[in-house]
Number of protein chains: 2
Amino acid sequence: MHPKIATGERPEQDQSHSINFSIGDLAQEFGITTRTIRYYEQQGLLDPERHGIQRLYQRRDKIRLKLILRGKRLGFSLVEIAEMIAMYDAESGEIGQLHYFLERIDDRKQRLIQQSHDIEQTLAALSRIEQGCREQLAVLEQHSRD
Amino acid sequence: MHPKIATGERPEQDQSHSINFSIGDLAQEFGITTRTIRYYEQQGLLDPERHGIQRLYQRRDKIRLKLILRGKRLGFSLVEIAEMIAMYDAESGEIGQLHYFLERIDDRKQRLIQQSHDIEQTLAALSRIEQGCREQLAVLEQHSRD
DNA sequence: ATTGACGTTTACGTTAACGTCAATTTACCT
DNA sequence: AGGTAAATTGACGTTAACGTAAACGTCAAT
């Protein structure tokens with residue numbers, strides 16, 4: 001009689017709203033492969049518990065994964081993301097460390113602000129192109145109505 | 001007597017505000033390597049004139065390069081950027097082509113909007129971390145004043 | 001005539017971020 | 001108990017976006 005550990009109900013206390021997740025669960029939920037998740041762990045971005053040999057993920061791991069994927073969408077490298085995660089847990093700091101963090105934070109902020117401008121420009125450009133396309137289409141479809 | 005062609009003055013008409021640029025000029029201006037510029041050309045993102053064997057860049061090439069680098073900052077692949085450039089010159093369109101473009105444009109817009117949200121979240125998170133760091137620093141520096 | 005700064009092509013090397021087996025173990029269902 | 005689906009580690013493969021080096025041509029200045 002092996003209790004089902006991975007998704008949901010633990011033997012000790014019965015929580016119907018799942019609290020433990022298998023690697024497959026996470027993969028599906030986030031639309032990535034298990035390989036990717038293991039790779040992130042190998043790079044030090046995740047550190048799930050183990051039940052024997054199997055990985056057991058929980059809410060904190062999900063939150064991290066969210067952070068990671070958000071970082072990726074913004075073009076950060078995994079190393080950079082790892083740094084940011086490290087900063088989250090940074091009450092541990094010595095003074096030097098903290099000053100270093102503040103610098104990095106400022107860098108990241110600058111970069112994000114730059115990106116924000118880039119997005120504005122690009123959205124505007126895309127809208128212009130879109131408009132052009134629609135006009136062309138109007139012309140062409142008019143012609144083809146003869 | 002060989003006229004200097006690359007940067008600025010052509011023999012025929014004297015324009016004091018440079019109109020032609022060497023690959024080195026561009027590299028320096030944009031802070032990238034010549035290798036990178038040639039690579040972009042090889043991937044079909046640039047198509048400079050030639051004076052003999054040498055590449056001659058002009059304003060339009062600069063504008064393209066700006067577009068390329070902006071795209072890169074947003075995490076677009078070179079292929080995606082090439083597509084966008086193609087869309088710029090898209091009066092050439094057949095109907096199918098135009099519809100395809102409109103779809104792609106919508107994709108890109110969605111993605112940019114997502115990124116915009118991600119930036120908000122990340123900036124907010126970074127500000128919180130920054131605040132935490134500053135507080136820790138205040139504590140530590142107070143302690144070290146004894 | 002040589003030197004030095006720049007340009008050219010060709011080609012192989014490198015790194016990040018996974019994909020893709022393969023061989024094996026574990027979990028779950030009947 | 002036995003079969004199948006899912007998990008594990010390990011290893012090699014792959015792609016994009018350049019880096020780097022070699023081997024050479026061109027031109028201006030010394």
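Letters A, B, ... are given to chains in the order of the sequence lines, protein chains preceding strands, and every chain is numbered from 1. Keep in mind it's a predicted model, so treat the numbers as computed, not measured.
Comment: B:Glu29 does not engage B:Lys66 in a salt bridge, judged by the lack of any side-chain N to carboxylate O separation of less than 4.0 angstrom. In summary, A:Glu103 and A:Lys109 do not engage in a salt bridge, as defined by a charged side-chain N under 4.0 Å from a carboxylate O. A:Glu120 and B:Arg70 are not joined by a salt bridge, as no carboxylate oxygen comes within less than 4.0 angstrom of a charged side-chain nitrogen. Look at A:Asp107 and A:Arg104 and you find a salt bridge, because one of the NZ, NE, NH1 or NH2 atoms lies within 4.0 Å of a carboxylate O, short of that distance.
With sequence neighbours excluded, the residues satisfying side chain to side chain donor-acceptor pair (under 3.5 Å) with A:Asp118 are A:Gln114, B:Arg73.
Straight-line distance from the CD atom of B:Gln42 to the P atom of D:dA17: 12 Å, rounded to whole Å. Straight-line distance from the OH atom of B:Tyr39 to the C1' atom of C:dT9: 17 Å, rounded to whole Å. A straight line from CG of A:Leu46 to P of C:dA17 spans 14 Å, rounded to a whole angstrom. With rounding to whole Å, A:His51 atom NE2 is found 10 Å from C:dA27 atom C1'.
Not one side-chain nitrogen or oxygen of B:Thr36 sits closer than 4.0 Å to the OP1 or OP2 atom of D:dA17. In terms of phosphate contacts, B:Thr33 brings a side-chain nitrogen or oxygen within less than 4.0 Å of OP1 or OP2 of D:dG19.
Base pairing analysis places C:dT3 opposite D:dA28; the two distances defining the Watson-Crick or G-U wobble pair are each below 3.5 Å. The partner of C:dG13 is D:dC18, judged by Watson-Crick or G-U wobble contacts that both fall below 3.5 Å.
Within the 3.5 Å criterion, the main-chain N or O of B:Leu98 finds no donor-acceptor partner in the side chain of A:Gln136. No side-chain donor-acceptor contact under 3.5 Å links B:Thr36 to the backbone of B:Ile32.
Within residues 67-82 of chain A, the residues approaching DNA chain C are A:Lys72, A:Ser77, A:Leu78, by heavy-atom distance under 4.0 Å.
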Inset, instruction - Produce a footprint string for nucleotides 2-12 of chain D: one letter per nucleotide, 5' end first; B if the base is under 4.0 Å from any protein heavy atom, S if only the sugar-phosphate is, - if neither. - result: -----SBB---

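Note on B:Ile85: it does not cluster hydrophobically with B:Val79, by side-chain heavy-atom contacts below 4.5 Å among ILVMFWY residues.
A side-chain contact (heavy atoms from CB on, under 4.5 Å) with B:Tyr57 holds for exactly one of B:Ile23, B:Leu65, B:Asn20, B:Asp25; it is B:Ile23.
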